Amino acid sequence: KMERTFSIIKPNALLDNNIGNIIKRFEEEGLRIAALKLAHLSKEKAEGFYIEHKDRPFFGELVAFMTSAPVVLMCLEGENAVERNREIMGATNPAEAAENTLRKLYAKSIGENAVHGSDSLASAERELAYFFEKDEICPRF
Ligand code: CMP
């Protein structure tokens, strides 16, 4: 089934000049870009995005990292986009990520792990609405 999901290219990948490599990989894997913008997140915007993690010990570090440099915010669309994106990213912890996944290739640590992707269709809809106006998404299905 055709789906849309939400993706972030995180500060470490942007600072390492890997935006192009990551987008190229999504396109090669059949995920199309339906929305794309750069943003330097405020503390409030990052805290709101990760609100479900607010009681975790790494929350402060996570928000500090995600606001440390700009990020790329994207809507990806395609067949099974949510699960496809998760396969392409690999495990959250790069030490556990499969060969040739984006996290294996571009993550530095569990925190600086290069990319975020929605974990379900419901999360995707919530996360897309958090960062994009309706008219910023340009669907092709
Ligand atoms: P992400 O998919 O963006 O969603 C939550 C993030 O929390 C996750 O990616 C990780 O980068 C981050 N995270 C998870 N566990 C840890 C940890 N132990 N220390 C720092 N960051 C973490």
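Given the structure is predicted, the values throughout are model-derived calculations rather than measurements. Indexing begins at 1, ligand by ligand and atom by atom, following the structure's order.
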**Message:** Counting only heavy atoms, tell me which of G111, S109, G117, P94 gets closest to atom 21 (N) of ligand 1.
**Reply:** G111
**Request:** Look only at the side chain of T101 and the backbone of A97, and say whether a donor-acceptor pair between them is shorter than 3.5 Å.
**Result:** no
Tell me which protein heavy atom sits closest to [atom], plus the residue, atom name and distance to 0.1 Å.
atom	answer
atom 10 (C) of ligand 1	I110 O, 3.2 Å
atom 6 (C) of ligand 1	L62 CD1, 3.8 Å
atom 9 (O) of ligand 1	K10 NZ, 3.1 Å
atom 22 (C) of ligand 1	F58 CD1, 3.5 Å
atom 4 (O) of ligand 1	Y50 CE2, 3.4 Å

**Asked** N/O of H116 under 3.5 Å from N/O of ligand 1, yes or no?
**Response**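 Yes, since at least one N or O of H116 sits under 3.5 Å from an N or O of ligand 1.
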Is ligand 1 under 4.0 Å from a heavy atom in the side chain of [X], in the backbone, in both, or in neither?
X	answer
E61	side chain
M89	neither
R56	neither

Using 4.0 Å as the upper bound for N to carboxylate O, is an ion pair formed by [Y] and [X]?
X	Y	result
R32	E27	no
E52	R126	yes
K1	E3	yes

**Prompt:** Contact between R103 and ligand 1, counting heavy atoms under 4.0 Å?
**Reply:**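 So R103 counts as touching ligand 1.
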**Prompt:** With respect to E29, which candidate in R86, R84, K24 satisfies the salt bridge (Lys or Arg N to Asp or Glu O under 4.0 Å) definition?
**Reply:** R84
**Message:** Could you tell me, atom by atom, which parts of ligand 1 come under 4.0 Å of a heavy atom of N113?
**Reply:** 9 (O), 10 (C), 11 (O)
**Request:** Give the atoms of ligand 1, by number and element, whose distance to some non-hydrogen atom of H53 is under 4.0 Å.
**Result:** 5 (C)
**Request:** Report the relative orientation of the aromatic rings in H116 and F49; use parallel for angles under 30°, tilted for 30 to 60°, perpendicular for over 60°.
**Result:**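 H116 vs F49 ring planes: perpendicular.
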**Request:** Kindly indicate whether the side chain of P94, heavy atoms from C-beta on, has any atom under 4.5 Å from the side chain of K108.
**Result:** no
**Prompt:** Below 4.5 Å, heavy atoms only, C-beta onward: do F26 and M74 meet side chain to side chain?
**Reply:**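 Yes, side chains in contact.
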**Message:** Are there over 12 heavy-atom neighbours, none belonging to K43, within less than 6.0 Å of that residue's NZ?
**Reply:** no
